[in-house]
Amino acid sequence: MENKKEELAKKRMTFDTFKEMALDKSLSKYEKIGFPDDYRQAYEQEIFNNIYNVLKLERKNIVFFDIGCGCSELPNLIIENSIKLNQSLYLIDSIEMLCNLKEHKNIVKVAAKFPDELELEKYKNTVDAIVIYSVLQHVILDMNPFSFIDKAVSLLKVGGRLLLGDIPNISKRNRFFASDTGYKFHQDFTKDNTKPSYSFNNLIEDKIDDSLVFAILNRYRMAGYETYLLEQPSTLPMYNRREDILIVKN
């Protein structure tokens with residue numbers, strides 16, 4: 001019988017899938033957002049620290065959007081920081097996810113599938129910081145990712161920062177596992193001598209690769225934003241196979 005890690009790896013996770021998982025009492029709070037416990041449980045403080053640094057979340061009284069926030073410990077860390085600094089925090093996800101998170105006067109819970117179910121006009125040019133973490137790989141299964149990101153960047157005020165975090169880039173993964181470093185990492189992780197799987201010069205359906213990552217960087221630069229491809233800190237669980245994109249409105 002497959003364990004939960006194998007089951008999660010095989011799921012095609014869309015917005016509706018996550019709604020169902022949020023209500024599944026047999027799943028942990030990390031499994032509800034699509035991760036085995038050992039990929040997130042001990043790491044979410046480090047993940048928050050990275051988000052905090054990139055988005056400059058030490059600022060008081062800012063407007064902060066978490067799009068696809070989920071219901072693990074990470075949004076709770078974001079909530080606590082927002083309360084401490086009197087930030088206006090908008091948590092955007094399904095009602096099934098949001099009902100697992102606390103209430104506070106600083107928090108606005110928006111039960112919606114972004115961007116289709118949200119009244120965007122009233123938020124345009126008003127937001128200081130946006131995080132979209134471990135979400136883009138699921139967006140591409142449901143819709144045009146550029147349309148999704150276009151709507152998100154339209155919310156930023158001048159100087160606003162948007163983090164597309166924890167992007168699983170299949171090209172980066174393949175390069176890593178084709179290297180001696182990646183082979184040793186795989187051996188240490190699996191405790192055997194089998195070679196990791198990787199392939200080149202293939203079209204891989206429903207996966208993010210270098211072409212999409214660099215298209216995102218180029219698209220928003222051409223639209224007048226600054227964009228940066230960021231290395232994840234080595235303290236994060238999948239830093240050698242994932243990366244982050246920062247978009248800043250000039």
Side-chain angles (χ1 to χ4, degrees), residues 2-14 30-31 33-55 68 70 72-74 131-141 145-146 148-149 162-221 226-247:
E2 291 183 325
N3 61 33
K4 284 184 180 177
K5 185 181 290 189
E6 292 169 331
E7 291 172 359
L8 289 169
K10 291 182 178 181
K11 271 184 179 288
R12 189 177 189 276
M13 295 186 189
T14 65
Y30 307 105
E31 291 165 342
I33 63 166
F35 287 98
D37 288 350
D38 56 356
Y39 280 19
R40 289 297 283 264
Q41 189 167 17
Y43 295 101
E44 294 213 325
Q45 182 64 57
E46 291 294 338
I47 293 169
F48 170 75
N49 292 346
N50 185 47
I51 295 170
Y52 181 94
N53 291 331
V54 172
L55 292 181
S72 67
E73 186 58 26
L74 182 58
V131 63
I132 305 171
Y133 202 85
S134 296
V135 170
L136 189 61
Q137 64 269 35
H138 308 299
V139 169
I140 66 169
L141 303 179
F146 295 116
F148 180 95
I149 303 168
L162 183 152
L163 175 63
L164 284 169
D166 204 38
I167 301 168
N169 181 348
I170 192 68
S171 304
K172 180 178 176 65
R173 181 194 180 280
N174 286 337
R175 285 192 299 274
F176 177 67
F177 281 123
S179 69
D180 291 341
T181 303
Y183 183 24
K184 184 177 186 308
F185 175 89
H186 179 76
Q187 285 181 310
D188 293 343
F189 184 79
T190 60
K191 310 301 182 188
D192 64 39
N193 292 321
T194 59
K195 288 190 174 182
S197 63
Y198 57 85
S199 64
F200 296 100
N201 302 323
N202 291 313
L203 288 172
I204 303 176
E205 188 177 4
D206 295 336
K207 298 291 184 183
I208 296 170
D209 60 14
D210 278 346
S211 65
L212 179 53
V213 168
F214 285 97
I216 291 169
L217 293 167
N218 190 54
R219 177 177 178 80
Y220 298 101
R221 286 191 177 192
E226 293 300 335
T227 64
Y228 305 90
L229 184 61
L230 306 179
E231 178 185 24
Q232 286 196 340
S234 60
T235 50
L236 301 192
M238 290 174 279
Y239 74 96
N240 44 29
R241 290 150 285 164
R242 300 198 175 204
E243 52 202 344
D244 301 338
I245 291 174
L246 174 65
I247 302 173

(message) Could you measure the distance from the CD1 atom of I208 to the CD1 atom of I170? Nearest 0.5 Å is fine.
(response) 10.5 Å
(message) With heavy-atom distances below 4.5 Å as the criterion, would you say the side chains of Y30 and E73 are in contact?
(response) yes
(request) Output yes when D180 and K184 qualify as a salt bridge under the 4.0 Å nitrogen-oxygen rule, no when they do not. (result) no
(message) Is there a side-chain contact between L229 and I245 in this structure, where contact means two heavy atoms from C-beta onward sitting under 4.5 Å apart?
(response) yes
(request) For the residue pair F177 and F185, categorise the inter-ring angle as parallel (less than 30°), tilted (30 to 60°) or perpendicular (more than 60°). (result) tilted
(request) Check whether any side-chain heavy atom of Q137 lies under 4.5 Å from a side-chain heavy atom of R242, and answer yes or no. (result) yes
(message) Could you tell me if the side chain of Y183 sits less than 4.5 Å from the side chain of K195, heavy atoms only?
(response) yes
(request) Flag the pair L74 / I33 as yes when at least one side-chain heavy-atom distance between them is below 4.5 Å, and no otherwise. (result) no
(request) Check whether any side-chain heavy atom of F176 lies under 4.5 Å from a side-chain heavy atom of Y198, and answer yes or no. (result) no
(request) Examine distances only and state if a side-chain atom of N50 and a backbone atom of F48 form a donor-acceptor pair shorter than 3.5 Å. (result) no
(message) Regarding N49 and Q45, do their side chains bring together a donor and an acceptor under 3.5 Å, going by distance alone?
(response) yes
(message) Just so I know, are the side chains of Q232 and D166 near enough to count as touching, which here means a heavy-atom distance under 4.5 Å?
(response) yes
(message) If you define the side chain from C-beta out and look only at heavy atoms, does anything of P145 sit under 4.5 Å from I216?
(response) no
(message) Within this structure, what is the CG-CD distance for the pair D244 and E231, rounded to the nearest 0.5 Å?
(response) 10.0 Å
